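To start, the structure under review is shown below, and the notes come after it.
Source: prediction; values computed, not measured.
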Amino acid sequence: MYESLLHQLVPTITATPSGPQDRVEIPIVEGSKLDGLAVRNISWSKESLLISIRRGSNSIIPSGDSVIKPGDTLIVTTHRGNRKKIAAHFAKIN
């Protein structure tokens, strides 16, 4: 049931295995709590690292001053096995 709810909240979170890490993609939708926030002001999970922001056809290497916008996809890496925890964390704050 929890998985079904999570899928409804963030339907396109995807993970790509890459060695001992998973790469998780988190889409930012219109009305997201993250919309307009600078990266430094987001409550990040300690088990995750933001490695890129995909905005249209551009990839942005984020800094603390990078501002999240609707339509962005956050590319986050985490240790394998933390994917569900990270997805749940972003479902709460997105």
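Counting only heavy atoms from C-beta outward, the side chains of V24 and T78 approach each other to under 4.5 Å. Taking the side chain as every heavy atom from C-beta outward, V76 and I26 approach each other to under 4.5 Å. Residues I75 and T73 are in side-chain contact: their nearest non-hydrogen atoms beyond the backbone lie under 4.5 Å apart.
Atom NE2 of H79 is separated from atom NZ of K85 by 11.5 Å, given to the nearest 0.5 angstrom. The structure places CD1 of I60 at 7.5 Å from OG of S52, a figure rounded to the nearest 0.5 Å. Taken from OG1 in T77 to CG in L50, the straight-line distance is 10.5 Å, to the nearest 0.5 Å. Within the model, atoms CD1 of I28 and CG of L74 stand 4.0 Å from one another, a figure rounded to the nearest 0.5 Å. Between atom CG of residue L34 and atom CG of residue D72 there is a gap of 10.0 Å, rounded to the nearest 0.5 Å. A distance of 4.5 Å separates CD1 of I42 from CD1 of I68, quoted to the nearest 0.5 Å.
Closest of all the heavy-atom pairs between K33 and K92 is NZ-O, 3.3 Å. The shortest heavy-atom contact between I53 and P62 is CD1-CB, 3.9 Å.
Cluster membership check: W44 shares its hydrophobic cluster with I86, using side-chain heavy-atom separations under 4.5 Å among Ile, Leu, Val, Met, Phe, Trp and Tyr.
The main-chain N or O of S43 is found under 3.5 Å from a side-chain atom of H89 such that the two form a donor-acceptor pair.
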